[in-house]
Amino acid sequence: MDRLAELVGGGDVTVLSGAGLSTESGIPDYRGPDGVQRRGAPMTYQTFTREAFARRRYWARSHLGWRGIARASPNDGHRAVAALQERGLLTGIVTQNVDGLHQAAGADEVVELHGSLDRVICLDCGDLSTRQRLHRRLEAANPGYTAQITAVHPDGDVELTDDEVAGFATVDCEGCGGMLKPDVVFFGETVPAPRVQHCFGLVERSRALLVLGSSLTVMSGRRFVIRAVKHGIPVAIVNRGATRSDPDATLLLDAPLGTVLPALLHRLPQRSTAAA
């Protein structure tokens with residue numbers, strides 16, 4: 001903790017957060033100690049756009065799962081990251097999460113690497129709308145719809161049987177009647193290049209990269225660790241369990257983020273953005 005405080009206390013830190021930061025808010029992850037295991041493959045962009053029943057299944061599962069995401073509250077880890085930003089210690093916050101809990105905790109200018117479940121995009125006209133509005137429309141289209149939820153996933157959907165999916169009605173874009181999709185990056189999609197370049201820039205302008213709650217299994221997040229190491233920038237990883245980038249880390253802490261991050265704050269001198 002002393003080494004972590006020294007690293008973060010110097011300022012100009014970029015935070016890269018993953019699903020492990022939100023587990024203490026009741027949102028499970030896949031790969032951590034408390035992760036859930038999918039019964040089937042995750043939804044891909046190609047399947048979503050080409051197969052009507054797969055799209056219906058996604059929206060039925062996501063409609064029920066969204067209730068849990070929408071009710072989730074930031075935990076002490078999210079609030080600590082927001083406080084680090086308020087103290088002027090952060091260059092930026094990049095999150096792989098799609099739950100919006102960084103912003104709910106008071107952080108701003110958060111780069112949502114994989115998008116947000118709180119937004120919906122029309123794939124035909126490009127119109128963006130809120131998930132809350134879609135939720136109301138789906139409730140109106142499915143009065144009294146209930147199903148037996150057997151598992152909840154970190155990407156905001158649940159497990160349902162095909163029979164339960166068959167009785168669910170989807171809706172289209174209110175403006176053009178086009179296909180609606182959550183404004184998140186599905187498997188089979190790529191993160192928009194300008195967003196990736198922006199994140200690379202944050203890392204390269206930083207004194208340190210602080211990874212919070214990510215196993216770094218997929219390249220989408222791990223590439224920023226690789227970029228930091230390439231530029232000689234120290235990498236600190238706080239996560240429950242091993243990560244793919246442990247050999248590259250300057251500092252490793254295997255501990256709950258809701259405990260470590262508030263403790264880190266107490267070790268740092270008070271410093272406001274204005275003072276910085």
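Residue numbers run from 1 in the order of the sequence given. Heavy-atom basis, side chains included; hydrogens, waters and symmetry copies ignored. Given the structure is predicted, the values throughout are model-derived calculations rather than measurements.
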When you compare the side chain of [Y] with that of [X], does any pair of heavy atoms fall below 4.5 Å?
{"X": "Leu257", "Y": "Leu212", "value": "yes"}
{"X": "Val13", "Y": "Ser206", "value": "no"}
{"X": "Val238", "Y": "Leu210", "value": "yes"}
{"X": "Met1", "Y": "Leu264", "value": "yes"}
{"X": "Asp118", "Y": "Trp66", "value": "yes"}
{"X": "His114", "Y": "Val191", "value": "yes"}
{"X": "Leu16", "Y": "Leu216", "value": "yes"}
{"X": "Ile93", "Y": "Val111", "value": "no"}

Nearest 0.5 Å, what's the [atom1]-[atom2] distance between [X] and [Y]?
{"X": "Leu261", "Y": "Leu253", "atom1": "CG", "atom2": "CG", "result": "9.5 Å"}
{"X": "His102", "Y": "His78", "atom1": "NE2", "atom2": "NE2", "result": "5.5 Å"}
{"X": "Leu251", "Y": "Arg3", "atom1": "CG", "atom2": "CZ", "result": "5.0 Å"}
{"X": "Met43", "Y": "Phe187", "atom1": "CE", "atom2": "CZ", "result": "12.0 Å"}
{"X": "Arg61", "Y": "Phe168", "atom1": "CZ", "atom2": "CZ", "result": "12.5 Å"}
{"X": "Leu209", "Y": "Ile233", "atom1": "CG", "atom2": "CD1", "result": "8.0 Å"}

Going by an N to O cut-off under 4.0 Å, is there a salt bridge joining Arg119 and Asp183?
yes

Give a yes or no answer on whether the side chain of [X] reaches the backbone of [Y] with a donor-acceptor pair at less than 3.5 Å.
{"X": "Asp127", "Y": "Cys122", "answer": "no"}
{"X": "Arg133", "Y": "Thr130", "answer": "no"}
{"X": "Arg207", "Y": "Val8", "answer": "no"}
{"X": "Arg205", "Y": "Thr91", "answer": "no"}
{"X": "Arg240", "Y": "Gly20", "answer": "no"}
{"X": "Glu112", "Y": "Val98", "answer": "no"}
{"X": "Arg79", "Y": "Pro74", "answer": "yes"}
{"X": "Asp172", "Y": "Met179", "answer": "no"}
{"X": "Thr47", "Y": "Thr44", "answer": "no"}
{"X": "Asn142", "Y": "Ala169", "answer": "yes"}

For the residue pair [Y] / [X], report whether a side-chain donor-acceptor contact shorter than 3.5 Å exists.
{"X": "Gln96", "Y": "Ser214", "value": "yes"}
{"X": "Asn75", "Y": "Ser25", "value": "yes"}
{"X": "Ser245", "Y": "Thr243", "value": "no"}
{"X": "Asp99", "Y": "Ser22", "value": "yes"}

Quick check: closest heavy atoms across [X] and [Y], and the distance to 0.1 Å?
{"X": "Ala72", "Y": "Leu101", "value": "O-CD2, 3.7 Å"}
{"X": "Ala208", "Y": "Leu7", "value": "CB-CG, 3.9 Å"}
{"X": "Arg131", "Y": "Ser62", "value": "NH2-OG, 2.6 Å"}
{"X": "Cys173", "Y": "Cys125", "value": "SG-SG, 3.9 Å"}
{"X": "Asp76", "Y": "Gly258", "value": "CB-O, 3.8 Å"}
{"X": "Arg137", "Y": "Val171", "value": "NH2-CB, 3.6 Å"}

Test side chain to side chain contact (heavy atoms under 4.5 Å, CB included) applied to Arg227 and Arg223, step by step:
CA-CA 6 Å; Arg227 181 61 63 97; Arg223 58 184 150 192; over 6 Å; no

Give the intermediate values and the outcome of side chain to side chain contact (heavy atoms under 4.5 Å, CB included) for residues Leu265 and Arg87.
CA-CA 10 Å; Leu265 277 177; Arg87 294 188 187 188; 3.8 Å; yes

Hey, any chance [X] and [Y] share a hydrophobic cluster, counting ILVMFWY side chains that come within less than 4.5 Å of each other, even indirectly?
{"X": "Leu202", "Y": "Val81", "result": "no"}
{"X": "Tyr45", "Y": "Val184", "result": "yes"}
{"X": "Val15", "Y": "Val94", "result": "no"}
{"X": "Leu64", "Y": "Val120", "result": "yes"}
{"X": "Val260", "Y": "Leu252", "result": "no"}

Could you walk me through whether Ser17 and Thr95 pass the side-chain hydrogen bond (donor to acceptor under 3.5 Å, both in side chains) check?
CA-CA 5 Å; Ser17 69; Thr95 186; 2.8 Å; yes

Dump the intermediate steps for side chain to side chain contact (heavy atoms under 4.5 Å, CB included) on Leu84 and Leu268, then the final yes or no.
CA-CA 9 Å; Leu84 290 174; Leu268 297 175; 3.6 Å; yes

Could you tell me if Lys181 sits above the aromatic ring of Phe186, with its cationic atom closer than 6.0 Å to the ring centre and no more than 45 degrees from the axis?
yes

Are more than 12 heavy atoms from other residues, nucleotides or ligands located less than 6.0 Å from atom CD of Glu6?
no

Can you check whether Phe48 and Tyr58 have ring centres sitting under 6.0 Å from each other?
yes

Ring pair (Phe, Tyr, Trp, His ring centres under 6.0 Å) against Phe53, all qualifying residues, sequence neighbours excluded
none

Applying side chain to side chain contact (heavy atoms under 4.5 Å, CB included), run through Leu180 and Leu134 and close with a yes or a no.
CA-CA 9 Å; Leu180 295 178; Leu134 176 65; 4.0 Å; yes

